[in-house]
Amino acid sequence: MKHFEEKLPENYRLVKTVDATKAPFAVVFNLLSLVMMVGAFAVLYFAFGTDVSLIKEQFLTLPDFTKILALLLLVGGFIVYIVLHELVHGVVYKAFTKRKLTFGVTMTCAYCGVPDVFVYRTASLCALLAPFVIFSIAFIVPMFFLQNTVWFLLLAALFAMHFGGCVGDLYITVLYVFKFRDGKTLMRDTGPVQTFYLPHEKS
């Protein structure tokens with residue numbers, strides 16, 4: 001099965017561009033990301049029956065050093081997560097294409113791309129969804145075993161950030177599921193910009 005094209009076939013045409021650096025996309029994506037974060041945290045909070053009074057009691061009994069450590073873990077954990085998220089994209093892209101990857105950060109997003117080739121739908125979906133699946137499992141499973149509510153909330157916050165941070169990946173996945181269902185769809189992923197191509201329809 002062919003996973004990519006070195007060059008865009010002559011009979012293909014550009015059908016859509018998703019540019020995360022453009023203001024309209026950036027504003028909408030960031031607002032949607034915030035809504036997803038709050039929603040994900042709220043779902044976990046109520047699903048696990050978190051007790052507010054217990055949180056306050058457990059947090060107040062923590063040593064000052066542990067409180068600072070929890071805050072550092074939240075901030076540091078999210079930074080490490082962003083790096084790992086993009087690396088997972090890269091590992092999957094590399095497995096399918098063996099081509100040079102590009103990594104970076106813009107004012108609106110962190111990214112990983114494979115700009116020198118045009119990737120088919122299946123390979124694109126695998127690369128898009130790999131971080132979402134892997135880190136969702138990595139964050140949620142330990143929650144079932146945490147006894148301390150404060151540490152549970154720390155993990156829930158990281159999951160919420162992860163969920164909201166996947167907004168771009170999930171948006172493109174929705175495009176694939178509902179709009180670009182043709183297996184011949186090609187995508188060029190430069191990182192912050194994704195362009196989609198389909199064959200010309202014969203008249």
Side-chain angles (χ1 to χ4, degrees), residues 1-33 36 78-139 159 161-203:
M1 182 179 181
K2 200 170 186 180
H3 298 302
F4 66 94
E5 298 286 350
E6 297 278 2
K7 296 181 179 180
L8 186 68
E10 290 184 3
N11 64 320
Y12 272 68
R13 62 186 175 88
L14 175 66
V15 291
K16 188 171 182 64
T17 299
V18 177
D19 188 347
T21 65
K22 294 283 183 69
F25 272 111
V27 171
V28 172
F29 276 19
N30 282 311
L31 288 175
L32 185 56
S33 176
M36 290 169 64
F78 186 59
I79 293 172
V80 171
Y81 159 74
I82 291 173
V83 174
L84 293 177
H85 178 113
E86 300 308 328
L87 284 176
V88 170
H89 280 312
V91 167
V92 179
Y93 266 141
K94 198 74 171 178
F96 279 110
T97 69
K98 306 293 190 297
R99 292 301 184 270
K100 181 181 178 180
L101 304 173
T102 180
F103 295 90
V105 180
T106 70
M107 293 296 291
T108 56
C109 67
Y111 63 83
C112 167
V114 56
D116 298 332
V117 295
F118 298 84
V119 185
Y120 279 105
R121 183 177 186 272
T122 299
S124 295
L125 277 171
C126 289
L128 282 168
L129 290 175
F132 178 75
V133 173
I134 291 171
F135 290 107
S136 292
I137 294 171
F139 285 132
F159 173 81
M161 292 176 183
H162 150 69
F163 188 66
C166 287
V167 61
D169 299 335
L170 295 176
Y171 171 71
I172 295 175
T173 299
V174 168
L175 287 179
Y176 272 127
V177 171
F178 293 102
K179 188 171 183 178
F180 302 125
R181 303 172 74 175
D182 191 334
K184 296 178 181 178
T185 302
L186 287 172
M187 180 180 77
R188 180 172 182 252
D189 188 354
T190 67
V193 182
Q194 291 78 39
T195 46
F196 296 84
Y197 304 85
L198 282 171
H200 281 291
E201 292 183 4
K202 294 181 179 180
S203 56

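H3 and T122 share no side-chain donor-acceptor pair at under 3.5 Å. Inspection of the D189 and H89 side chains reveals no N or O donor paired with an N or O acceptor under 3.5 Å.
Note: F78 and Y81 have parallel aromatic rings, judged against thresholds of 30 and 60 degrees for the angle between ring planes. In this pair, F163 and F159 present their aromatic rings parallel. The plane angle is below 30°, not in the 30 to 60° band.
Residues L87 and F103 form a side-chain contact, since some pair of their non-hydrogen atoms from C-beta on lies under 4.5 Å apart. The shortest distance between side-chain heavy atoms of E5 and V117 does not fall below 4.5 Å.
Note that the CG atom of L128 and the OH atom of Y171 stand 12.5 Å from one another [nearest 0.5 Å]. Once rounded to the nearest 0.5 Å, the distance linking NZ of K98 with CZ of F4 reads 8.5 Å. Rounded to the nearest 0.5 angstrom, T185 OG1 and K179 NZ are separated by 11.0 Å. Remark: Y93 OH to C126 SG distance equals 10.5 Å, nearest 0.5 Å. Residue M187 holds its CE atom at 11.5 Å from CZ of F118, rounded to the nearest 0.5 Å. Between the SG atom in C166 and the NE2 atom in H85 there is a gap of 4.5 Å [rounded to 0.5 Å].
Contact record, R13 with P199: NE-O, 4.3 Å, taken as the closest heavy-atom pair. In terms of heavy atoms, G191 sits closest to Y111 at CA-CD1, 3.4 Å. When all heavy atoms of L186 and P9 are compared, the pair lying nearest together is CD1-CD, 3.6 Å. Closest approach of T195 to T17, counting heavy atoms only: CG2-OG1, 3.5 Å. When all heavy atoms are compared, the tightest approach of T108 to A20 is OG1-O, 2.8 Å. Contact between A130 and V88 at its shortest, heavy atoms only, is CB-CG1, 3.7 Å.
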_Stepwise side-chain contact (heavy atoms from CB on, under 4.5 Å) test for L84 and I134_ = CA-CA 11 Å; L84 293 177; I134 291 171; over 6 Å; no
_Under the criterion side-chain contact (heavy atoms from CB on, under 4.5 Å), I'd like the reasoning laid out for F180 against K16: C-alpha separation, chi angles, the key distance, then a yes or no._
CA-CA 10 Å; F180 302 125; K16 188 171 182 64; 3.8 Å; yes
*D169 and F132: side-chain contact (heavy atoms from CB on, under 4.5 Å), yes or no, with the steps?*
CA-CA 8 Å; D169 299 335; F132 178 75; 5.9 Å; no
*Dump the intermediate steps for side-chain contact (heavy atoms from CB on, under 4.5 Å) on L175 and Q194, then the final yes or no.*
CA-CA 12 Å; L175 287 179; Q194 291 78 39; over 6 Å; no
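Panel note: side chain R121, backbone K184; no donor-acceptor pair is recorded below 3.5 Å.
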